[in-house]
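Residue numbers start from 1 in every chain, and the chains themselves are labelled A, B, ... in the order their sequence lines are given, proteins ahead of strands.
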Amino acid sequence: MASMELIIAGFGGQGILFLGEMLTQAAILEGKHATWMPAYGPEQRGGTATCTVVIAEEPIGSPVVADPDALIVMNRPSMDKFEPRARAGAVLIVNASMVDRPPERADLVVVAVDAAAEARALDKPQVANMVLLGALLAARPVVAMESVARALAGHFPPDRQHLVEINVTALTRGAAAAARQLPGAASARVA
Amino acid sequence: MASMELIIAGFGGQGILFLGEMLTQAAILEGKHATWMPAYGPEQRGGTATCTVVIAEEPIGSPVVADPDALIVMNRPSMDKFEPRARAGAVLIVNASMVDRPPERADLVVVAVDAAAEARALDKPQVANMVLLGALLAARPVVAMESVARALAGHFPPDRQHLVEINVTALTRGAAAAARQLPGAASARVA
Amino acid sequence: MATALTDRVLMKGNEAIAEAAIRAGVQAYFGYPITPQSEISEYMAAHLPEHGGAFLQAESEVAAINMVYGAAGAGARVMTSTSSPGISLMQEGLSYIVGSELPCVIINVMRGGPGLGNIAPSQADYFQATKSAGHGDGRNLVLAPSTIQEAADLTLLAFDLADRYRNPAMVLTDGITGQMMEPVAFREGPSLPREVPAWATTGAGDGPVRLINSIYLEPEALEAHNQRLQEKYRRMQVEVRSEAYLMDDAVVAVAAYGLTARIARTAVDRARAKGIRAGLLRPITVYPFPTQACADAAGQVAGILTVEMSAGQMVEDVRLAVEGRTPVRFYGRLGGVVPTPPEVLAQIERLLSEVKAR
Amino acid sequence: MATALTDRVLMKGNEAIAEAAIRAGVQAYFGYPITPQSEISEYMAAHLPEHGGAFLQAESEVAAINMVYGAAGAGARVMTSTSSPGISLMQEGLSYIVGSELPCVIINVMRGGPGLGNIAPSQADYFQATKSAGHGDGRNLVLAPSTIQEAADLTLLAFDLADRYRNPAMVLTDGITGQMMEPVAFREGPSLPREVPAWATTGAGDGPVRLINSIYLEPEALEAHNQRLQEKYRRMQVEVRSEAYLMDDAVVAVAAYGLTARIARTAVDRARAKGIRAGLLRPITVYPFPTQACADAAGQVAGILTVEMSAGQMVEDVRLAVEGRTPVRFYGRLGGVVPTPPEVLAQIERLLSEVKAR
Amino acid sequence: MLKVVIDVERCKGCELCVHYCPPKVLAMSPALNTRGFYSVVLIDEERCTSCAACAIVCPDMAITVYKAERVAVR
Amino acid sequence: MLKVVIDVERCKGCELCVHYCPPKVLAMSPALNTRGFYSVVLIDEERCTSCAACAIVCPDMAITVYKAERVAVR
Amino acid sequence: MKQVFTRPASLAETPMHYCPGCTHGVAHRLVAEVLDELGLRGRTIGVASVGCSVFAYNYFNLDFQQAAHGRAPAVATGIKRVLPDRVVFTYQGDGDLAAIGTAEIVHAANRGENITVIFINNAVYGMTGGQMAPTTLPGMRTTTTPYGRDVRVTGYPIHVAEMLATLKGVAYISRVALCGVAHITKAKRAIRKAFQAQLDGKGFSLVEILSTCPVTWGLQPIDAVRWLEANMLPVFPLGEFVTDGQKERA
Amino acid sequence: MKQVFTRPASLAETPMHYCPGCTHGVAHRLVAEVLDELGLRGRTIGVASVGCSVFAYNYFNLDFQQAAHGRAPAVATGIKRVLPDRVVFTYQGDGDLAAIGTAEIVHAANRGENITVIFINNAVYGMTGGQMAPTTLPGMRTTTTPYGRDVRVTGYPIHVAEMLATLKGVAYISRVALCGVAHITKAKRAIRKAFQAQLDGKGFSLVEILSTCPVTWGLQPIDAVRWLEANMLPVFPLGEFVTDGQKERA
Ligand SMILES: Cc1ncc(C[n+]2csc(CCOP(=O)(O)OP(=O)(O)O)c2C)c(N)n1
Ligand SMILES: Cc1ncc(C[n+]2csc(CCOP(=O)(O)OP(=O)(O)O)c2C)c(N)n1
Ligand code: SF4
Ligand code: SF4
Ligand code: SF4
Ligand code: SF4
Ligand code: SF4
Ligand code: SF4
Ligand SMILES: [Mg+2]
Ligand SMILES: [Mg+2]
């Protein structure tokens, strides 16, 4: 599916904006249209952070999304706030390490990943965000994993290119974790 | 005649605004409507000064007068500027001490008074303006001389009430000088 | 309230405004000198302290409007006065004042612009005064006196409206109205001292604390606040005031406010003298604007001539009211030039012939 | 000029504006930090010096706009950027700039007001931007980008228009457009270095002296100056730009600019998907306003819905264009709340049913 | 009651108190509070002198300090 | 040519030159210029030292000062 | 057990939004303690400025006005002129007071406006994300001096206390720092003197408080304190610059 | 006959609009003489302010910009930043510079902006008809201090030269007076030093010039000069406050 209206929400400091940026950049590398829109609370630290990413084949109208068709929720308040807004049939990626309740709605495609655990397994807690992006792309392959890898490569300066690999590993781990929860067709696509 | 649209013009420092104010105040004391409007040049000293006074029995519309029916011109530039604007039949009071040319228009009632000489005769050069006001009232008795006297009395503080008399004397001298130049009927009114 | 004509005193517009404010019980005045309104400051300096009020010459118009904010927030009747460039400098402060809903009175004695311009009369700050109080969606109440008597009366009214709506009220006038003299009779203001509002930060006692504020970080909260403000502006519509002069049988109307309106009135008289059934529609409040009065006139006359000392500002409000139902023409003089009655008369005649030609 | 989609770089709106200005050959930038536009300053601080330009953080917005005045008067391509409260503080300086006819570019990344408000996106400074540049009758040229690509393109255009008309050109955008990222491809600006205008005070040589000035003490002189300015504003009308999206067969039009327009575009798409023949009329220049485009639409559609992030400002220009020939309805969100496509769609449907009911 | 009571929900884990405690009896706790911050614990009450240095440097007023009351011996 | 030439039309009759002239050789003239100001005359050229004090204090640059050129005797 | 450290009554319970380790919170507490000790809670009006301390009104248990950026001294003047028997103070950052608000602070000081100013100098614009302030140190990197503050281009860190000390209307001016217990204690003494000057009707009082901004400085809180000690103290000497101005000058 | 006193080329022929005896004219001439002597006419840009000297551009034979009230230092900064090799000066009154323009002058000085400021202190707002200026003397009557300036209400005359002298960006600051030949000659020397500092790239230079305003003071020109000597000199001491600032501090 070539278009997506995604909201990523959580605490500041969870790498939300970066997750969104890499996804957006990947879409652009694929020649798609894409918008990335942040929204912060007032605090410099410890506030909430939201990021909206829209990807489409056509020029994008609203970068503001009221009813997302994809959601990544990184903490409990975000779950409470955004679950009700999701469009019917939307994908909901839940950061199981921080969200202590199951979703209430039955009309969503839910993937719950313990991103912190996955990242710890890689010995790199910072890449939890990429785990979740991987999970999202498993459920909704709006861009190729490969494009995200290119976006990451383009992001890091020469002296930090070694970080690309660990991020890509996190992506694939997330995708794999998601694949385990998804119906056959989608998981096939991830492989 | 109960209404008048007067422009007084000359150098700053010639007592133009004061002349206008006393006339306006006199009108108010008679229960008339009246407006007084100044206009100065940019300089603090030595610039030109204009004052427009409108007196009427009805509430006054425009305090701005394009085509005055009465004029007091105190110097040559004012003569040049305002003579052409006077309404046909308007009264033109010329300060002969400062205006070295006769009027060009034939449709005006002209009174030329050597105000400086009259004031010098009273040993009070400052009252030249009242001489000209007297001349105006002789030609156009829009308010009673008596009301101007009351306005003057109201203006000067207790310790300077003695100045009222000399100003009133100047008024009557001006009126007398004008009367000599005016057709019978008007001069009769002055008496 | 009727005053014998002889009880009136001859006063400059600026001084009459200052005296009216003192009688309205103004408790503090903050201002910065600028021609053609400095007499307001000077009159306040001479007389406000003897009435127990505070006079302070601020270091700038920016400081003045923020002093007004502070004093108004502390519950005082307060005012400032300035002229066009000074009003520009006050835009941020005004926006804070509308945002924090503080009552106060601002006098704008308009002069020629843009930039330093000159000190001659103008009406070119109409948009700035009526369309927005600085940035954001805030509004000033704007009153436009046409005579010095009205300048005094509207100054008093401005204080009352400001209090009633917790909103700045601006008296929008011009250099001639400020500088000219005309007789004026004063009314006394509200009972003094007026009650200190409960919301004011008076630092008094141990009750719940009070806050004067315009920041609402959450968009939803700021929207709710703005909706309250908008609802208030709708309520303000009842304060709309205008004068209809010879409008009953008019076939052509002149719309004008302030100084221009009285010039137009003379032109209307002269038109009547020539047998032209002209009338004058004079907004006294320019925000709220007398939309209904204009709309009504539109149904009656063959055309409306709007006259301003600007390049055409109020005429937009006239057009918005008229919605194309009658032709609206504009005549403006700029840069401090004042239109004269003969000019306006000529425009009335021109509008009439234009309308007839169609 | 067509750029392959993949040649585009992902950039924040603020940064794209700054980069576009650098490519347009901006020689000096003066600004004061304020959210949500500080990235413009920061980008300039990092990159302008390497292009030989001068970056200076001013002590305030008041200082910034007056530095712009000085540099523009000295013949440089110059810009500043700020957000709503900062624009209020610049009103006096802007009035001097229009009065002295200096070219420069001003970016207003609008945020929620009034007062301190919040840092969320807004369109509530429309009146302030389009109706007057401070006091007096001056006008800004005002360009309203809807995408980041357009933000870059219009910034470049702003410099050219400013030079062409010796007038400030404002890019009027909002916190979301400033903060969001979208791919952008840059065009190069005019040939560098551009010629130093003959009127600029460059202190060069012994020829006749030059003067940058807005004071004209004689009303007649100031009137003549203003008439020249008004004549220039009339000439500017040729710069009017707007976009019509699916208007050809539209029975209902949405009028919106900037961010709101792209939201409305999605709503129009959804309406079409439901079989409603909706179209979008998007002013790109908001001063000069596309009056003719609106008037033309009025003759065609059954109603116009104006959508803004304000209490209703541009809608007045729409009404002035339409002159009652078709109903004009307004939908606004305030205080930083952004209208969503479903909300706008609901309003389109409501307008249609209202119109049909009549 | 402990000599030093830390309001975990106010604490932002800045560690200033830990650094300025003269006998070094405070330490960071590994638990996160609901706002996502690690907070502080008193690890050795015995050696705490109730000097209040921790409270004085705490920017968030997260610390209350008590002292065992002794009958003053004059 | 006089040592001190006064541009009557520039002079505003402020009398500063009269006051500051060391030998007091300037005086006010009773004639008005076209702008309505009395101006200044040199009343005793003999005693004028061409010191230029008058010109230095004149705010209106109404004064030009000349000095008789003497062949320098070295 | 006796409570030896208590929240002052002039401070509300509301948790503060400041970043971890930011010394704004310490400054708030000191002001509140002084107001408590002088018994001023019921008769004080605070003026919050625009900067990280914009929400100060949420934390003080006092009547408050929130002022436009830089204008707090003018707002305080407006309040004090109509309520001369109340205590009025402003709380301002270095961007607010020393940049955009320069005219207002200079003239409040010069008028001897009988108010107290708490001036937080953290060498940076905290709230807007770390741009250069007039007090930024030479060579210091900020988001608008990405290559370090170049004094030839942007000038020198401004010394507000010293500059205002030249003005006759000033009754009390000092500079203190919030690094460590001893300095914090001294800071409180200075704040107390400042309010006392106002109570005594002596005129304008100001305490410049060197404060940390760990986040925009890019340092852990404790490192920020150390950085302040190592870098700010040499540039901004502590001490009292005017102690009894109006009396001396009377 | 040799001409021993000539109109400087940097001054135009236009008669000035100043009141009789107003020393603005003297200050103009001194600036023009210095520019002539330093050979700067063809490369200097002046900035006129709002005050009686608003029309300075008519009297100087130089490129000029007219600046908004108080903002001349910002305008001059804008010019100097884009034309660093030109000479830029402002000409400002005490209302303009010391009231509304306080922030701009302080920051231009603090930045060490390489411009020259001619600051005319006549203790009053001349142009607007004689209102109090920040420099008005204690007890002095003006139209806004009709009972004399009460320092308890309005503060003290502000000492701009001394205040700015505390700032590091300043290269040259002095105060001179236009009373009598000797003082006028000294004033010219100061102006020359100020422009020389700019030519040497040393930073900000300012000359505060005590000047008369006979009209709003209500005095004859010569009495105004005497009043300045008797009343202003004791309050505003003459002298050089900074002579080689940047070098000392470099
Ligand atoms: C008129 C205006 N300009 C700019 C801003 C943006 N702004 C908000 S806070 C701030 C600076 C804050 O710095 P400082 O005063 O040092 O306080 P801190 O955050 O460091 O405590 C600025 C520039 C604003 N709100 N209003
Ligand atoms: C923003 C603004 N405020 C006020 C004024 C009015 N104004 C013109 S000149 C002036 C003061 C002039 O005094 P000063 O600077 O001392 O110059 P002087 O006339 O004494 O030489 C003022 C307040 C203005 N033009 N613009
Ligand atoms: S009271 Fe003193 S000893 Fe006890 S924890 Fe706090 S700082 Fe340490
Ligand atoms: S100082 Fe306060 S906020 Fe910081 S860690 Fe200690 S208790 Fe927590
Ligand atoms: S040159 Fe000297 S002596 Fe001669 S008139 Fe002038 S001041 Fe007097
Ligand atoms: S000083 Fe100049 S202006 Fe004054 S009287 Fe002498 S010549 Fe005339
Ligand atoms: S940004 Fe700096 S000053 Fe602001 S709260 Fe954070 S640490 Fe404190
Ligand atoms: S008002 Fe004063 S400063 Fe202005 S020109 Fe006249 S004397 Fe000079
Ligand atoms: Mg700071
Ligand atoms: Mg002055």
Which atoms of [X] approach chain H - backbone, side chain, both or neither, heavy atom under 4.5 Å:
X        : result
D:Tyr69  : both
D:Leu56  : side chain
D:Ala200 : backbone
D:Ala71  : both
D:Thr202 : both
D:Ala63  : both

Write out, in numerical order, the residues from residues 62-84 of chain H with a heavy atom short of 4.5 Å from a heavy atom in chain D.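 Only H:Leu62, H:Asp63, H:Phe64, H:Gln65, H:Gln66, H:Ala67, H:Ala68, H:His69, H:Arg71, H:Ala74, H:Val75, H:Thr77, H:Gly78, H:Ile79, H:Arg81, H:Val82, H:Leu83 of residues 62-84 of chain H have a heavy atom under 4.5 Å from chain D.
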Contacts of residues 22-33 of chain H with chain D (heavy atom under 4.5 Å):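 So no residue qualifies.
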Shortest non-hydrogen separation from D:Ala204 to H:Arg86 and the atoms involved: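 Heavy atoms of D:Ala204 and H:Arg86 come nearest at CB-NH2, 3.8 Å.
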Which heavy atom of H:Ile45 sits nearest a heavy atom of D:Thr201, and at what distance?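 So the two residues come closest at CD1-O, 3.3 Å.
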Hey, could you give me the NE2/OG distance between H:His107 and D:Ser60, rounded to the nearest 0.5 Å?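 Atom-to-atom, H:His107:NE2 and D:Ser60:OG are 8.0 Å apart.
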H:Tyr57 OH to D:Ile212 CD1 distance, which is reported to the nearest 0.5 Å: 12.0 Å
Mind checking side-chain hydrogen bond (donor to acceptor under 3.5 Å, both in side chains) for D:Arg164 and listing every partner two or more places apart, or none if nothing turns up?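 Partners of D:Arg164 under the side-chain hydrogen bond (donor to acceptor under 3.5 Å, both in side chains) test: D:Glu239.
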Residues that D:Ser84 engages under side-chain hydrogen bond (donor to acceptor under 3.5 Å, both in side chains), provided they are two or more places apart: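 side-chain hydrogen bond (donor to acceptor under 3.5 Å, both in side chains) check on D:Ser84 returns D:Asp125.
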Using a cut-off of under 4.5 Å on heavy-atom pairs, state which of D:Gly207, D:Ala64, D:Ala74 scores highest against chain H. D:Ala74
Go through H:Ala108, H:Ala12, H:Gly42 and name the one with the most non-hydrogen pairs under 4.5 angstrom from chain D. H:Gly42
Between H:Val54 and chain D, with a heavy-atom cut-off of 4.5 Å, which part of the residue counts as in contact: side chain, backbone, both or neither?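 Answer is side chain: those atoms of H:Val54 sit under 4.5 Å from chain D.
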Which region of H:Val50, side chain (C-beta onward) or backbone (N, CA, C, O), has a non-hydrogen atom less than 4.5 Å from a non-hydrogen atom of chain D, or is it both or neither?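 Side chain only.
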